[in-house]
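Worksheet for the structure shown next.
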Amino acid sequence: MRETPSKSASVRRAAARGFVLDRTFYARPALVVARHLLGKVLVRRIGGRELTAPIIETEAYLGPHDLASHASKGRTPRTEVMFGPAGCWYVYLIYGIHWMLNVVTNDVDHPAAVLIRGAGEWTGPARLTKAMSIDKSLNGAEAARSSGLWIEDRGIKMARGAIQRTPRIGVDYAGHWAARPYRFVVDAADLREV
DNA sequence: GCAGTGATCATA
DNA sequence: ATGATCACTGCC
């Protein structure tokens with residue numbers, strides 16, 4: 001994608017101005033966090049380099065009553081992180097191959113999280129984690145610079161109508177919860193720098 | 001359409 | 001210890 005020199009400069013300044021989302025952002029209902037993560041920028045530090053990608057697809061997992069959520073099975077070693085403070089990563093392996101990246105939401109002892117399904121050019125939660133070298137070593141870590149994986153607000157805006165809601169993917173086992181529109185998607189073309 | 005892949009959890 | 005399940009992907 002070609003840009004004029006002045007546009008490139010403004011993008012760099014906008015990036016430098018980005019601020020890291022903190023616990024107050026995540027300590028809200030999963031549906032609110034899932035919606036507001038669209039357009040925020042996932043940042044992964046690997047060595048001295050930073051990989052960045054605007055989030056374009058999320059899913060909310062509400063709590064123990066949500067039969068699509070791992071938390072509906074109760075407190076286990078795997079789900080422990082979801083019972084902890086908001087703003088920590090919940091990373092787990094699925095089908096023996098794929099790492100899934102979630103961020104914990106709500107309050108302590110309210111196990112809820114948002115699955116990050118797509119960012120930048122990467123569609124699909126497993127392709128995203130593969131591209132960003134995300135695995136179990138991040139499970140339980142804070143979404144902060146200290147962990148090497150965090151999310152920033154870089155001022156990207158989108159039209160309200162650009163956001164689509166659909167049922168969540170791959171949770172047909174969850175009865176009527178499978179049909180609830182807890183998946184949020186925005187077309188990358190609808191993201192706008194400010 | 002469906003195989004691959006192995007952690008996780010319930011059951012025993 | 002064993003077996004079922006799985007918030008997916010890639011290849012048929």
Side-chain angles (χ1 to χ4, degrees), chain A residues 21 25-40 42 44 51 53-107 109-143 147 149-151 163-188:
Chain A
L21 302 182
F25 179 93
Y26 299 108
R28 294 183 289 169
L31 282 167
V32 174
V33 175
R35 153 70 183 80
H36 284 98
L37 278 178
L38 295 179
K40 300 301 189 294
L42 186 63
R44 175 69 165 132
L51 230 48
I55 294 169
I56 57 173
E57 181 180 352
T58 59
E59 282 177 0
Y61 289 83
L62 274 46
H65 54 297
D66 176 0
L67 295 183
S69 173
H70 294 163
S72 68
K73 302 294 186 187
R75 196 165 188 152
T76 69
R78 180 174 67 162
T79 61
E80 183 66 28
V81 173
M82 276 201 283
F83 287 79
C88 291
W89 298 117
Y90 169 45
V91 183
Y92 66 90
L93 189 66
I94 190 68
Y95 298 112
I97 314 174
H98 307 298
W99 296 104
M100 300 285 102
L101 176 66
N102 303 252
V103 64
V104 175
T105 65
N106 295 75
D107 304 310
D109 291 333
H110 181 124
V114 170
L115 171 65
I116 299 176
R117 292 191 59 92
E121 305 301 308
W122 301 302
T123 57
R127 295 190 189 120
L128 171 67
T129 54
K130 184 180 179 186
M132 287 197 154
S133 300
I134 291 161
D135 62 20
K136 192 169 184 62
S137 64
L138 282 158
N139 189 46
E142 257 192 273
S147 71
L149 182 66
W150 66 95
I151 303 174
I163 296 172
Q164 312 286 332
R165 289 185 65 166
T166 80
R168 293 168 293 186
I169 305 296
V171 295
D172 291 345
Y173 56 84
H176 72 274
W177 286 92
R180 302 260 179 117
Y182 294 164
R183 173 173 173 254
F184 296 80
V185 191
V186 64
D187 194 310

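Protein chains get the first letters and strands the later ones, always in sequence-line order, with residue 1 at the start of each.
At B:dT5, none of the side-chain N or O atoms of A:H98 fall inside 4.0 Å of OP1 or OP2 (strictly under the cut-off). Within the structure, a side-chain polar atom (N or O) of A:R117 is placed less than 4.0 Å from OP1 or OP2 of C:dC8.
A side-chain donor-acceptor contact under 3.5 Å links A:S147 to the backbone of A:E142. A distance-only check finds no donor-acceptor pair linking the side chain of A:Y90 to the backbone of A:G140 [under 3.5 Å]. At least one donor-acceptor pair closer than 3.5 Å links the side chain of A:R168 to the backbone N or O of A:A60.
A straight line from CG of A:L101 to P of C:dT9 spans 13 Å, rounded to a whole angstrom. C:dC6 atom P lies 14 Å from atom CZ of A:R168, rounded to whole Å. One interatomic measurement links the two molecules: CE of A:M82 to P of C:dA7, which rounds to 10 Å at whole-angstrom precision. Distance A:Y90 OH to C:dC6 P: 13 Å, rounded to the nearest Å. The interatomic distance linking A:N102 (CG) with C:dC6 (P) rounds to 17 Å, in whole Å. Computed from coordinates, the A:H70 NE2 to B:dC9 P distance equals 10 Å when rounded to whole Å. A straight line from OH of A:Y173 to C1' of B:dC9 spans 14 Å, rounded to a whole angstrom. Going from atom CG of A:D135 over to atom C1' of B:dA7 covers 14 Å, rounded to whole Å.
In this structure, B:dT5 forms no base pair with any nucleotide, since neither Watson-Crick nor G-U wobble geometry is met with both distances under 3.5 Å. Pairing for C:dT2 goes to B:dA10, judged as Watson-Crick or G-U wobble with the two contacts each under 3.5 Å.
In this structure, A:Y95 and A:K136 both approach DNA chain B, and ranking their closest nucleotides by distance from the 5' end singles out A:Y95. Between A:L93 and A:K73, it is A:L93 whose nearest contact on DNA chain B lies nearer the 5' terminus.
Side-chain proximity of A:I97 to the nucleotides B:dC9, C:dA7, B:dT5 is greatest for B:dT5. Distances from the side chain of A:I169 to the nucleotides C:dG10, C:dA7, C:dC8 place C:dC8 closest. Closest to the side chain of A:S69, from the set B:dC9, C:dC8, C:dA7, is C:dA7.
Contact annotation for A:A68: base contact, defined as any heavy-atom pair under 4.0 Å involving a base atom. Residue-level contact check: A:R78 touches the backbone only, with heavy atoms under 4.0 Å from sugar-phosphate atoms and none from bases. Among the protein residues, A:K130 comes within range of no part of the nucleic acid, since none of its heavy atoms lies under 4.0 Å from any strand.
Listed here is the closest heavy atom pair of A:A68 and A:W177: N-CB, 4.4 Å. Closest heavy-atom contact between A:L115 and A:P125: CD1-CB, 4.4 Å.
One N or O donor and one acceptor, one from the side chain of A:Y92 and one from the base of C:dA7, sit under 3.5 Å apart.
Dense packing is recorded around CD of A:E80, with more than 12 heavy atoms of other residues, nucleotides or ligands lying under 6.0 Å away.
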